[in-house]
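Before we start, here is the structure in question, set down as structure tokens.
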Amino acid sequence: MKFIDLEAQQARVRDLMEKGIQQVLDHQQFIMGPEIGRLEETLARYVGSPHAVGCGSGTDALLLALMAFDVGPGDAVLTTPFTFIATAEVIALLGATPVFVDIEPETFNLDPEALAETLQALQSGKPGPVPSAGDRRPPVPKGVIAIDLFGIPADYERITAVAEDAGLFVVEDAAQSFGAARRGRRCGSFGAVAATSFFPAKPLGCCGDGGMCFTADADLAGRMQSIRVHGQGKDRYEHLRIGINGRLDTLQAAVLLAKFTIFPDEIERRGAVARNYGRVLRERSIPLRTPVVPEGVTPAWAQYSVLAEDSTHRDRCREALHAAGIPTAVYYPVPLHLQPAFAFLEYRKGQFPVSEDTAERIFSLPMHPYLSEEDQQRIAEVLAAV
Ligand SMILES: *Cc1c(COP(=O)(O)O)cnc(C)c1O
């Protein structure tokens, strides 16, 4: 059994992918070829956002977003410690300070109440759940990055209200949620800028690295287009600002155009797989907490993550599945505030209890659009015997 079955997907669109790749080999516009614009237009329309900016990866997409807001030294950007490192990495990379905020236990997404409390603590200068500033001036809050973890959108109504009150921008990390929706709006349309990833294992993946930013703001879109190509101005050798080489490859855009033709169907299939997991796990009364889907939400199901009773129970479940040839994964075993890379922030164990507890108990079952009901029955049988 596979954790993610890219082979079954490729079999459906292989011809279309080959045709697209061949066209690029023929026209040879490997950098910013016509497929880039076509993909940007197609995905902007799907998401319901006026502007799309293709880029080199999901990490580059987050970087472009923060650079468009001029994030730098002295700024604080708030996010959760329960995410892939890229979310907080780009903050530190720009010399700004990541300030962590704990997650909601149900969705594993940014807790809006904890966000408001952390902002208050930061603004009052009182000691609180904020990193040590040493003798330096405490960082000034500038923005928030909310993550749609495992493909379930964050609570944007409440997060945006808290952020707007404090004059902060919101960036949506939609790396795992392309294809998801919340109250009639697709992921990629929340926040001032949304950043997504086309890493092969994401809901819409290419054959290498790729990413995209979405925004309704023409000025931000223009800044990100410029930053993506070395801060380019009106021509190739005018540079208005410091930028990066963050372009999406034309070949990857061609692959994505082909894969996108079956993407809406794949999102439906993922939904059916998730519903079936709920059913088979419930039928056998397996003591794992299945994902909580908030009202009005259609997840992208990048992962199907369950909570065990404790870390021993998790180990037993994973070992039993492994012995039966069923792969599992743990996203994420160590919250970011306890990672060596962020030791300089001087956070301690115990500061983000929900993230820490979740990291000890969570694991993900195989999830992809082509997972059969028989395979899901087998998974449930193995878990029932634990
Ligand atoms: C995958 C991922 C990223 C980074 O995307 P890359 O394309 O691998 O750079 C950022 N944030 C989250 C939440 C992710 O899952």
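Note that the numbering runs from 1 along the sequence shown for the chain. Whatever order the structure lists them in is the order used to number ligands and atoms, beginning at 1.
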So, R378 and E374, do they make that salt bridge, N to O below 4.0 Å?
no

Between K259 and E266, does at least one N-O distance fall below 4.0 Å, as a salt bridge requires?
no

Is the closest basic N to carboxylate O distance between R158 and D155 below 4.0 Å?
yes

So that I can tick it off, tell me whether R314 and E309 are bridged by a salt bridge, with the cut-off set at under 4.0 angstrom between side-chain N and carboxylate O.
no

List the residues meeting side chain to side chain contact (heavy atoms under 4.5 Å, CB included) with T160, not counting sequence neighbours, and say none if there are none.
Y156, E164

Tabulated below should be the N or O atoms of ligand 1 paired with protein N or O atoms at under 3.5 Å; can you produce that?
residue  : atom   : partner : partner atom : Å
ligand 1 : 5 (O)  : S197    : OG           : 3.4
ligand 1 : 7 (O)  : G58     : N            : 2.7
ligand 1 : 7 (O)  : S197    : OG           : 2.6
ligand 1 : 9 (O)  : G58     : N            : 3.3
ligand 1 : 9 (O)  : T59     : N            : 2.8
ligand 1 : 9 (O)  : T59     : OG1          : 2.5
ligand 1 : 11 (N) : D173    : OD1          : 3.3
ligand 1 : 11 (N) : D173    : OD2          : 2.8
ligand 1 : 15 (O) : Q176    : NE2          : 2.8
ligand 1 : 15 (O) : K202    : NZ           : 2.6

For R361, is there an ion pair with D315 - N to carboxylate O distance below 4.0 angstrom?
no

